Visitor: 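Here's a structure for you.
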Amino acid sequence: MLGLSRNDFLMLLLVLFLVAAAPILLNPFPEGSSLAQFNAGYPDLMQRFLIFGIFAVGFNILFGLTGYLSFGHAAFLGAGSYAGVWMLKLLTINVIPAILMSTIVAGVFSLLIGYISLRRSGIYFSILTLAFAQMSFALASSVLQPITGGETGLQTNLNDPRILDGANTSGNIPAPSLFGFEMRESIQVPMGDWLWTFNVGYYVCAFVLLIAFYIAIRIFRSPFGMMLKAVKSNNERLSYTGINPRPYTLAAFVISGMYAGLAGGLMVAMDPLAGSERMQWTASGEVVLMTILGGVGTVLGPVIGAGIIKYFENIFSKINDNMLQSWFAFMPDGLESFMVAVVHPFVGKGWHLSLGLMFMLAIIFLPGGLIGGIDSVYRRIFKKRAQ
Amino acid sequence: MAVALEVKGVNKRFGGLQALNDVNLLVDEGRIHAIIGPNGAGKSTLLNTFIGRLKPDSGSVMFDGKNLIGKLPHQINQIGVSRVFQTPEIFADLSVIENVMIPALAHRDGIFELNAWKPMRKETNIRQKAIDVLEDLGMEDKLEMTASSMSRGDKRRLEMAMGLVQEPKLLLLDEPTAGMSRADTNNTIEVLKHIGDSRGLTMIIIEHDMHVVFSLAQKISVLAQGTVIVEDAPENIKGNPKVQEAYLGGAH
Ligand SMILES: Nc1ncnc2c1ncn2[C@@H]1O[C@H](COP(=O)(O)OP(=O)(O)OP(=O)(O)O)[C@@H](O)[C@H]1O
Ligand SMILES: [Mg+2]
C-alpha cells in the first residue's frame, strides 16, 4: 500500500492515529485535577512536538543513515524561518508559499554548507558544520540585521506589502492562515471533566508531518537509502565498489537540510516570528539528542525523541515548589519537606537535570534508543513464544 | 593473444623501503594469472596501485586502453575492475544479500543515482542476481545473516560474490582462499575455474596456497622484494632456481 511494505504501512497508520488523536490522548487528566499539570494537549506544545518531529526525522536521514553527525542543522531551521517570515511579509499571509520557500531556501543553503563540510568526515565534519552554524548565528544577530531583524528578530507588520493579499482594512496585523482559516483558531470541546482543544495550525502541522514521515520511509527503504547505510558501514569499500560516496552524502545532507527548513517554515506559520537564537548551537545539539534518544537510524525513533524532549522542556520546567508541596502533602511534615528538597533540583528550572539523567540512562542501557529498546524487548518475547 | 592489463615500470617507495621496484606485467585476456611471492614481496601493494588505493611514484597501468593511474577508485571499478581484498572489506553491519546487492546496483546505476523512491523490495532483478551469485558460492542459506557475524572464509566468499555480481572484465583476488576450509577452498577453485571458462573473465590471483595456484593459473609471475623475478607458465615455475631462491633464501 502506497508502495510500503505491510509493516511500514501499519507504522504509518499508527502515526496517523496518534497524531490525529493527540489532542485527546495527551490530555488524560481531568481539568483542575492535581495531575492536570502533566497534560500536554495544548496547541502550541503539540505543534512543537510535530515540528521538531519533522526536524528530527530529516536529521536522521543524514545522521542515522550515513553516520555523518552534523552539529549545525539549526542554521537551516533558522534560514527556513527567515525565508518563511519574508514570504508572509512580502507575498501573502497564506502559509503555503512560506512553507515552500522555507524548504527551498534551506535546501540551497545546505547545498552550500554541505558541499564544503563534506570534504572532511568524522569529527572534522562535525566541527565544520558547527562553525558554519555559529557563523550564521553571529551574522544573523548582527551584520544581516536588515534581513533578519538582528537580535529582536523578524516579524510581520501591519504595513507589510503582502502583494497577493487585498488591502488590509482591519487595522490588525493579519494572522497566518490557510485560505482564510487562521492557524491560531481552535475549537474547544468540553467532555465531562476533560477539555479537548482542536487547533487548525496543529492539524496543518500534522498533515505536513505525515507527508514528511512517509517520504522518509520511502527514502529509508530505497536503493538510495541502502547506499547511505553502506556509506556509514564502510565508506571506503563503497568507492571500490564503483560508487562515489560524496554525492550520496551530499544528497542526504541537502534532504535533511530541507526537512529542517520545512520545520522552520512551519514554526513561523504557527507564530510569525523568527529570531537568531533559533540558529544557535544548543538548537543544533537538541536535534542530535532527540534522534539519539528515540533511536538513531530507526524511522520512528526521532519523532518519539522529539516528543519526549519537548515534553520535558515544557512540562517539567513548569513544576514549582508549591506543586511539589501539594503532591507530598499527605506525608508527615519532615518527610514532606525532605521529598520536596530531593525532587526540587529535577523540576522547574532544573528540568535539564532530569533530561540529562534520562539521556544518560538511555545511552547506557538502550544503545539503540527507545525504539531499539522496544524492538529488543519485542524480539525477546517473540522468540520465547516461538520456542 | 590480446593483452588485458599491461603494467609498465611501476615504482613505489615507502620511506626507506622500495616496495615496488620497476614492476612490469602482461596479463592475457580471459586468462587466470597468478602472482606469488614471499610475505612482504609487494603483491598487495601492486594491486593497490591498480585500483586507485595507492598512487605509484612512477609507471603506468593500462587496462582497456586506459591508464588506471590517477583515476579514482570508483572510476576504476566502473571501467570493469573489481577486487577481493586480503583483509575482508565488507559492509559489516549489513546483511549478506545487501552486501551483494550494493555492488550489483553500482554496476547497473553507475557512480551516482538518486533512486530514492523505488522500494528495494521491488528491485527483484538485482536481488535475483545477488542470490544467483551467492548460490554459486554455496551461501544461499546465509542471505539474511549480518555480514560481520560470518567466519573469515565466508567473508572471503562474500567478497568474491560482491566482485562477481558486477560481471567485471578484470577480477583481482588477493588471497581469496585464506581462512577457508579445504572443502570450501576446493569449491572456490571450481567456481573460479567455471567462471573463467564460461565468461572469459580475466583474473589476477595472489595466493600462498600452491594447490590453488597450480589448479587455476595459466601463467605465474613471481614477485620478490618488489620485483618480478620470473614470469612463466606454471609447469616451468616449480623447478626454476630463481623461484626457489626467492622462497628459501629470503632477504639478502
Ligand atoms: N601503506 C603502506 N605504508 C608503508 N609501508 C607499506 C604500506 N603498504 C605496504 N607496506 C610495506 O610494503 C611491503 C610490501 O607489502 P605488501 O602488503 O604488498 O606485501 P605482500 O606481498 O602482499 O605480502 P603478504 O603475502 O604478507 O600479503 C611490506 O614491507 C609492507 O610493510
Ligand atoms: Mg598481501
Side-chain angles (χ1 to χ4, degrees), chain A residues 1-9 12 58 61-62 64-67 111 118 214-256 258-259 296-297 299 367-368 372, chain B residues 47-48 50-53 71-85 87-95 97-123 126-127 146-148 159 162-163 165-168 172:
Chain A
M1 280 145 285
L2 293 173
L4 301 182
S5 69
R6 197 172 150 270
N7 281 351
D8 286 340
F9 187 71
L12 188 66
I61 291 175
L62 178 69
L65 290 180
T66 71
L111 182 65
L118 284 166
Y214 172 67
I215 294 174
I217 302 179
R218 294 292 297 242
I219 292 175
F220 264 70
R221 308 295 183 226
S222 70
F224 173 71
M226 197 162 77
M227 290 302 172
L228 298 183
K229 285 183 207 158
V231 166
K232 181 179 184 177
S233 182
N234 193 341
N235 194 32
E236 206 191 339
R237 179 49 156 128
L238 197 57
S239 63
Y240 297 115
T241 307
I243 295 289
N244 187 357
R246 186 79 63 77
Y248 280 97
T249 40
L250 183 59
F253 193 94
V254 172
I255 292 170
S256 71
M258 290 173 79
Y259 269 76
V296 180
V299 189
Chain B
L47 289 199
N48 285 342
F50 297 173
I51 59 156
R53 194 179 232 192
K71 287 204 167 29
L72 295 169
H74 57 260
Q75 293 169 331
I76 293 172
N77 178 280
Q78 291 289 349
I79 292 174
V81 182
S82 294
R83 174 174 181 181
V84 173
F85 289 82
T87 40
E89 287 269 358
I90 51 177
F91 302 108
D93 32 36
L94 302 185
S95 69
I97 180 89
E98 283 174 327
N99 265 272
V100 184
M101 286 195 291
I102 288 167
L105 283 168
H107 179 58
R108 190 193 68 186
D109 296 341
I111 284 168
F112 174 70
E113 175 84 40
L114 191 60
N115 195 350
W117 202 245
K118 187 176 182 182
M120 212 48 229
R121 271 176 308 119
K122 300 227 168 113
E123 296 282 7
I126 292 287
R127 195 181 163 82
T146 307
S148 61
E159 247 201 293
M162 292 166 74
V165 80
Q166 295 196 305
E167 296 167 20
L172 310 172

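For the numbers below, each heavy atom of this structure counts, side chains included, while hydrogens, waters and symmetry mates do not. A, B, ... follow the sequence lines: proteins, then strands. Residue 1 opens every chain. These figures come from a predicted structure and were not determined experimentally.
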Visitor: State, to 0.1 Å, how close L114(B) and F224(A) come at their nearest heavy-atom pair, and which atoms those are.
Guide: CD1-CE1, 3.5 Å

Visitor: With side chains defined as the heavy atoms from C-beta onward, is the minimum distance between R246(A) and H74(B) less than 4.5 Å?
Guide: no

Visitor: Between R121(B), Q78(B), Q75(B), R83(B), who has the most heavy-atom pairs with chain A when the cutoff is under 4.5 Å?
Guide: R121(B)

Visitor: Tell me which pairs pass salt bridge (Lys or Arg N to Asp or Glu O under 4.0 Å) where either residue lies in residues 109-120 of chain B, with sequence neighbours left out.
Guide: K118(B)-E123(B)

Visitor: Between S82(B), G52(B), A106(B), who has the most heavy-atom pairs with chain A when the cutoff is under 4.5 Å?
Guide: A106(B)

Visitor: Tell me which of these, L72(B), I102(B), D93(B), N99(B), has more heavy-atom pairs under 4.5 Å with chain A than the rest.
Guide: I102(B)

Visitor: With a 4.5 angstrom heavy-atom cut-off, which part of Q166(B) approaches chain A: side chain, backbone, both or neither?
Guide: side chain

Visitor: Can you name the salt bridge (Lys or Arg N to Asp or Glu O under 4.0 Å) partners of R218(A), sequence neighbours left out?
Guide: none

Visitor: Between S233(A) (side chain only) and A92(B) (backbone N and O only), is there a donor and an acceptor less than 3.5 Å apart?
Guide: yes

Visitor: Please determine which of F85(B), F91(B), F50(B) meets the ring-ring contact (aromatic ring centres under 6.0 Å, His included) test together with Y240(A).
Guide: F85(B)

Visitor: Against chain B, label A230(A) side chain, backbone, both or neither, depending on which of its atoms sit under 4.5 Å from a heavy atom there.
Guide: both

Visitor: Contact between L250(A) and F112(B) at the side-chain level, heavy atoms closer than 4.5 Å - yes or no?
Guide: no

Visitor: Is chain A contacted by the side chain of I90(B), its backbone, both, or neither, given a heavy-atom distance below 4.5 Å?
Guide: backbone

Visitor: Is any side-chain heavy atom of I215(A) closer than 4.5 Å to a side-chain heavy atom of W117(B)?
Guide: yes

Visitor: Can you tell which part of L238(A) gets under 4.5 Å to a heavy atom of chain B, answering side chain, backbone, both or neither?
Guide: both

Visitor: Could you pull out the closest heavy-atom pair between R237(A) and E89(B), with the gap in Å?
Guide: NE-O, 2.7 Å

Visitor: If every non-hydrogen atom of M227(A) is compared with every non-hydrogen atom of L105(B), which pair is closest and at what distance?
Guide: CE-CB, 3.6 Å

